[in-house]
Amino acid sequence: MRRGLADHVVDRMIRSVEVTHPRAVRRHVPGAPDLIARLTGSRIAGAHRRGKFLWLTFQEHDDALMVHLGMSGQMLIRSSGTSRDKHAHIVADLGGTQLLFVDQRTFGGWWLAPLTEVDGSVVPESVAHISRDPFDPAFDPKAVAVRLRNRRSEIKRVLLDQTAGMSGIGNIYADESLWRAKIHPQQVADELSRPAVARVVEAAQVVMTEALAAGGTSFDSLYVNVNGSSGYFSRSLNAYGREGEPCGRCGASIIREKFTNRSSFYCPRCQRLR
DNA sequence: TATATCTCCTGCGGGC
DNA sequence: TGCCCGCAGGAGATAT
């Protein structure tokens, strides 16, 4: 999505902004009128990302437009005059084209945040606490493995914690990474061996690289790029969503278990709790 | 201070 | 057919 935005919106000026759902801008504390006023007339300078956080920078000022897609958010490019999507909560007119923020479940949103320097990188303040993701040039797998292994919590919880050492991993990629590394999701991180944690980090890098190459993981029309096309990584999933199906490695039936208001999928034979 | 749980939300599918 | 319930899940707030 970041790449798509870089291709379609960089160097474009925001001519007007319309906010039709207050929840979409709830993280912009001064409110929708302030967000609209500060974006209008701004020319987009760049599109950036860390983990699941996306932001646009501008030529005129040092505030970044933060974008988080939550579960169902989309950033879509449409020709002006195209019929409005029911869940298009924010529309930015770029002159001839529109940048839409569409979000069915309203977990995502837009807000402005000042840029700041953290650990040698310039990022929005909202991202200062978020760990680097595996595609960050400064991502250090060995240092990340040490940080993860310091946590006395289940390894899957640690992977989902965006501040724990590595960001960008959600429920799907956590299950896929742990399947690949042959680690049980409930294994406590600080009870894992150094090689085992290193294996998890490496597996996460591989899983996310493959997913990125496939355009992301899509199960339905909610997961699309800026042009509305879906990713195809879901066809490559080994554990997530495969309850009762044979493990591609050993043939055992994939198990689904409740995990903090969501589900974990894993192979009971390859991923034993030790 | 570290870790765990709750909450927000909408559309869909299943059960009755 | 219509109603109700559970489920999906990211991240901040709140609780332990």
Side-chain angles (χ1 to χ4, degrees), chain A residues 1-2 19-29 49-55 66-75 84-90 100-113 123-133 146-178 185-192 204 207-208 211 216-224 230-231 233-234 237 239-244 254-266:
Chain A
M1 185 162 289
R2 189 208 65 76
V19 176
T20 57
H21 197 309
R23 251 186 79 78
V25 295
R26 66 191 181 284
R27 290 191 68 181
H28 188 73
V29 177
R49 185 188 60 74
R50 174 172 286 188
K52 304 168 190 171
F53 289 79
L54 183 69
W55 66 92
M66 296 300 309
V67 178
H68 200 294
L69 303 177
M71 272 189 66
S72 54
Q74 305 169 26
M75 293 278 273
R84 183 71 61 85
D85 186 293
K86 178 184 173 187
H87 298 105
H89 302 323
I90 308 174
L100 277 64
F101 179 70
V102 178
D103 190 8
Q104 181 190 93
R105 294 174 196 166
T106 68
F107 276 25
W110 284 16
W111 68 98
L112 286 170
V123 298
E125 280 185 356
S126 305
V127 177
H129 64 299
I130 300 297
S131 301
R132 295 181 189 274
D133 63 65
V146 169
R147 284 185 63 187
L148 298 185
R149 197 162 172 265
N150 279 333
R151 297 287 296 266
R152 178 142 195 86
S153 185
E154 295 162 359
I155 185 66
K156 183 170 174 181
R157 287 181 190 275
V158 176
L159 289 179
L160 291 174
D161 183 344
Q162 306 299 299
T163 70
M166 173 167 50
S167 68
I169 298 179
N171 199 43
I172 297 173
Y173 297 155
D175 281 359
E176 290 303 303
S177 301
L178 292 168
Q186 287 177 283
Q187 197 74 52
V188 174
D190 74 355
E191 293 175 354
L192 283 165
V207 164
M208 294 173 77
T217 306
S218 60
F219 294 96
D220 53 45
S221 60
L222 293 182
Y223 300 87
V224 296
S230 296
F233 187 66
S234 59
L237 294 176
Y240 185 86
R242 297 196 58 215
E243 180 185 19
I254 296 292
I255 282 179
R256 171 186 180 172
E257 277 185 1
K258 284 267 196 181
F259 169 81
T260 64
N261 279 340
R262 51 211 61 177
S263 296
S264 277
F265 297 86
Y266 67 95

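Below, read A as the first sequence line, B as the second, and so on, with proteins coming before strands; counting in each chain starts at 1.
Side-chain atoms of A/Arg105 never come within 3.5 Å of backbone atoms of A/Met71 as a donor-acceptor pair (strictly under, hydrogens ignored). Although no hydrogens or angles enter the test, the distance criterion places no donor-acceptor pair under 3.5 Å between the side chain of A/Ser264 and the main chain of A/Asp175. Judged purely by atom type and a 3.5 angstrom limit, A/Arg149 uses its side chain to pair as donor or acceptor with the backbone of A/Leu192.
Side chain to side chain, A/Ser167 and A/Asp133 fail the donor-acceptor criterion of an N or O pair below 3.5 Å. No hydrogens or angles considered: nothing links the side chains of A/Lys258 and A/Ser263 as a donor-acceptor pair under 3.5 Å.
Separating the CZ atom of A/Arg151 from the P atom of B/dA2 is a distance of 8 Å, rounded to the nearest angstrom. B/dT3 atom P lies 13 Å from atom CD of A/Glu191, rounded to whole Å. Distance A/Asp175 CG to C/dG10 C1': 15 Å, rounded to the nearest Å. To the nearest angstrom, C1' of B/dA4 lies 11 Å from CG of A/Asp161. Atoms CD (A/Gln162) and P (C/dG9) sit 14 Å apart, rounded to a whole Å. Following rounding to the nearest Å, A/Ile172 (CD1) and C/dA8 (P) show an atom-to-atom distance of 11 Å. The distance between atom CG of A/Asn150 and atom C1' of B/dT3, rounded to the nearest whole Å, is 15 Å.
A/Leu54 has its side chain within reach of A/Arg2: a pair of non-hydrogen atoms, C-beta onward, lies under 4.5 Å apart. When side chains are defined from C-beta on, A/Lys156 counts as touching A/Leu160, because their heavy atoms get closer than 4.5 Å.
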All N/O contacts under 3.5 Å from nucleotides 12-16 of chain C to the protein, with atom names and distances to one decimal?
| unit_1 | atom_1 | unit_2 | atom_2 | d |
| --- | --- | --- | --- | --- |
| C/dG12 | OP1 | A/Arg27 | NH2 | 3.3 |
| C/dG12 | OP2 | A/His129 | NE2 | 3.3 |

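Considering only side-chain N and O atoms, A/Lys52 lies nowhere under 4.0 angstrom from the phosphate OP1 or OP2 of C/dG9. Within the structure, every side-chain polar atom (N or O) of A/Ser72 is placed at least 4.0 Å from both OP1 and OP2 of C/dG9.
Closest heavy-atom contact between A/Val158 and A/Ala189: CG2-CB, 4.1 Å. Scanning both residues, A/Ser126 and A/Phe53, for their nearest heavy atoms gives O-CE2, 4.4 Å. When all heavy atoms of A/Tyr173 and A/Met208 are compared, the pair lying nearest together is CD1-CG, 4.2 Å.
Qualifying salt bridge (charged side-chain N to carboxylate O under 4.0 Å, His left out) partners for A/Asp190, counting only residues two or more places apart in sequence or in other chains: A/Arg152. Evaluation of the ring pair (Phe, Tyr, Trp, His ring centres under 6.0 Å) rule for A/Phe107 yields no partner, not counting sequence neighbours.
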Under 4.0 Å protein heavy-atom contacts per nucleotide of nucleotides 6-12 of chain B, with B for base, S for backbone only and - for none: -BBBBS-

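A salt bridge between A/Arg151 and A/Asp161 is present, with a side-chain N of the basic residue lying under 4.0 Å from a carboxylate O of the acidic one.
The rotation axes computed at either terminus of the helix from B/dA2-C/dT16 to B/dC16-C/dG2 lie 50° apart, taking five pairs at each end and rounding to 10 degrees.
Residues of residues 152-160 of chain A that place a heavy atom closer than 4.0 Å to DNA chain B, in numerical order, are A/Arg152, A/Ser153, A/Arg157.
In this structure, A/His89 has its ring center at least 6.0 angstrom away from the ring center of A/Phe101.
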